[in-house]
Structure formats: structure tokens, C-alpha cells
Number of protein chains: 2
Amino acid sequence: DNSDKKFRKLYETDIYNKDGLNGYAYVPNGIAVAVSNPRNETMPGTNPEQLLGLSLSTCMNATLQAIERENDLDHTAEVHVHVTMVKGTDGLEFLVHAMVSIPSVSYERAVELTNQAEQRCPVSKLLSGSINYTVETLQN
Amino acid sequence: DNSDKKFRKLYETDIYNKDGLNGYAYVPNGIAVAVSNPRNETMPGTNPEQLLGLSLSTCMNATLQAIERENDLDHTAEVHVHVTMVKGTDGLEFLVHAMVSIPSVSYERAVELTNQAEQRCPVSKLLSGSINYTVETLQN
């Protein structure tokens, strides 16, 4: 429960899924995406795995972009997220692995900037309590 | 670290953001979404907040759909996710609130099924370590 934390609200949005795994998810007056079972390859939709990866990769790269700006660096960072759906003793789980590359700086500096982004990106913060979430800095 | 857990891989996917907050995020040979700063209302793109809500609402409703099927219920569940971006003493954070309605059953039964879905949905599991993630069952 976060009711004792002090926040200033900057933005809010509403998202709906009324169909389930096959149909549409949407933002009123905004984006709608066709969704389908990821294990049914004849269906054209996206799925929770990809949508989570789109969210995390964009959040991490937006954060890296801000960090690059603060350090007078051009924006060269890229984020690749690999999501795996697995079945284990606790049922279905997603493994989420984020890979960061920052070609304009040394590997050591890229690791530092990746660590900063991991601490600041709101989606990364939400996932940081899970052992299924991992972040890696790629060698150029 | 989850390296000692035993998993069977069912599906995997790759997602990229090379642009940052303004541009595109995409799945190779799959969906591409235009993204933009959520606080710039003249830009048409979606954003990490909405993409996370699309992921969570679809995952939760797909899980509810499976639970309904197991209980010989028609699929009537709907999931509404409200995401708020806030700024606090720890920087930017997202508050993620999922609201479940299951019109075909009593409120007490809907609470039970919501709790099951919260424990089983892989996206919900990933978020469950964060105090910023909350789930509510709505009265019909």
C-alpha cells in the first residue's frame, strides 16, 4: 500500500480489455490493438508479452534519452527486450530480459548509464521486485 | 536470479525501441506502434503507460477467461486498468490499478475469481512485488 507516499500527478490514462485473449484491447479515443493467443500462429494479433516489451523498451529508452541529454551525449541508445513465456511449477510466467546498447560510449560507461536508467524508468521500477526481470548492457 | 528454477519454454518474442520517447517501438515482422511523450497532447502516439495497461488488461482478462471456462461460466469478465504517472521523492513512478468486473456472478464470487486471476496472470505476477500495483473487484 502506497497511501502514505506523497505524489504529484502528471498524467493518467485508462485502458480496457473486454474480449479476453482474442479480440481487442483499447484506450478510449486512443490506440486499439488486436490481440490473440501467442501460441496460435495463424492469428494476426499482438499479445501481453509483446505489449509489455513495447512498454518496457520505450520507457527504458526514453529514460536513457533523458540521461544522455543530461550528459551532453547524442541519443544513440537502443533497447531490445526479449520476453519468454514459460510453464513451471508455479504455472505460467514471463521472463523479461532487457538489453541496452549505447554505441557512443565505452562499455563501462554504458553499464553505468544502464544502471541509472534501470533505477529511474517507472516500468523498470515496477518490475524490479521480480526475479524474472533482468537487465544487461550489450558490448558494442 | 531464477537460474535454479525449472521451466518449459512455450513462446518467445523480441521487441525493440531505437528511437526513445518519440518515434516507434516494434516487433520484427509484427506490430509497430508510434510512441510520444504522454504530456504532449498534440502528438498522436501511445506511451509506456498505455502499453503496460494494454498488456496487463489483456493478460488478466485472458486468465479470467480461462478461469471462467474451468468453472463452466460464460466469458463476461472485463478488465479496466488505470495508470497514473506521478512524481514523488523517488522520481517518476507509475501507479497501476486494475479493476475487474464479472457481471455473471455475485460480488463475493467475483472477488474469489479475481484473486485467482491475480495469482495466475503472468503480468500480474511480475508486478506483484510493487506497492504501486493494486487490484480491485468492481460491484456490478
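Just so it is clear: chains get the letters A, B, ... in the order the sequence lines come, proteins before strands, and each one is counted from 1.
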Measure [X] against the heavy atoms of chain B and call it side chain, backbone, both or neither at under 4.5 Å.
| X | value |
| --- | --- |
| A/E12 | both |
| A/R120 | backbone |
| A/V33 | side chain |
| A/T46 | side chain |

**Item:** Residues A/T13 and B/Q50: side-chain donor-acceptor under 3.5 angstrom
**Value:** yes
Is it true that a side-chain atom of [X] and a backbone atom of [Y] form a donor plus acceptor pair closer than 3.5 Å?
| X | Y | value |
| --- | --- | --- |
| B/S55 | A/P48 | yes |
| A/N61 | B/N17 | yes |
| B/K18 | A/A77 | no |
| B/K9 | A/K87 | no |

**Fill in**
Heavy-atom nearest pair, A/T58 first then B/G20, reads CG2-O, 4.0 Å
[X] side chain near [Y] side chain, heavy-atom distance below 4.5 Å:
| X | Y | answer |
| --- | --- | --- |
| B/V86 | A/R8 | no |
| A/Y16 | B/E78 | no |
| A/Y11 | B/T84 | no |
| B/L54 | A/I31 | yes |

Contacting moiety of [X], where chain A heavy atoms sit under 4.5 Å:
| X | answer |
| --- | --- |
| B/Q65 | side chain |
| B/D19 | backbone |
| B/H75 | side chain |
| B/Y24 | neither |
| B/V35 | side chain |
| B/V81 | both |

**Prompt:** Looking at B/L126, B/N22, B/L127, B/L52, which makes the most heavy-atom pairs under 4.5 Å with chain A?
**Reply:** B/L126
**Prompt:** Among B/N47, B/D90, B/V96, B/T89, which has the most heavy-atom pairs under 4.5 Å with chain A?
**Reply:** B/N47
Look at the side-chain heavy atoms of Ile, Leu, Val, Met, Phe, Trp and Tyr, link any pair under 4.5 Å apart, and say whether [X] and [Y] land in one connected group.
| X | Y | value |
| --- | --- | --- |
| B/L56 | A/Y26 | no |
| A/L92 | B/V123 | yes |
| B/L10 | A/V83 | yes |
| A/Y133 | B/Y133 | yes |
| B/V100 | B/V105 | yes |

Options [options], ranked by heavy-atom pairs under 4.5 Å with chain B, top entry:
| options | value |
| --- | --- |
| A/G88, A/S57, A/G129 | A/S57 |
| A/E68, A/M85, A/M60 | A/M85 |
| A/G91, A/S130, A/P38 | A/P38 |

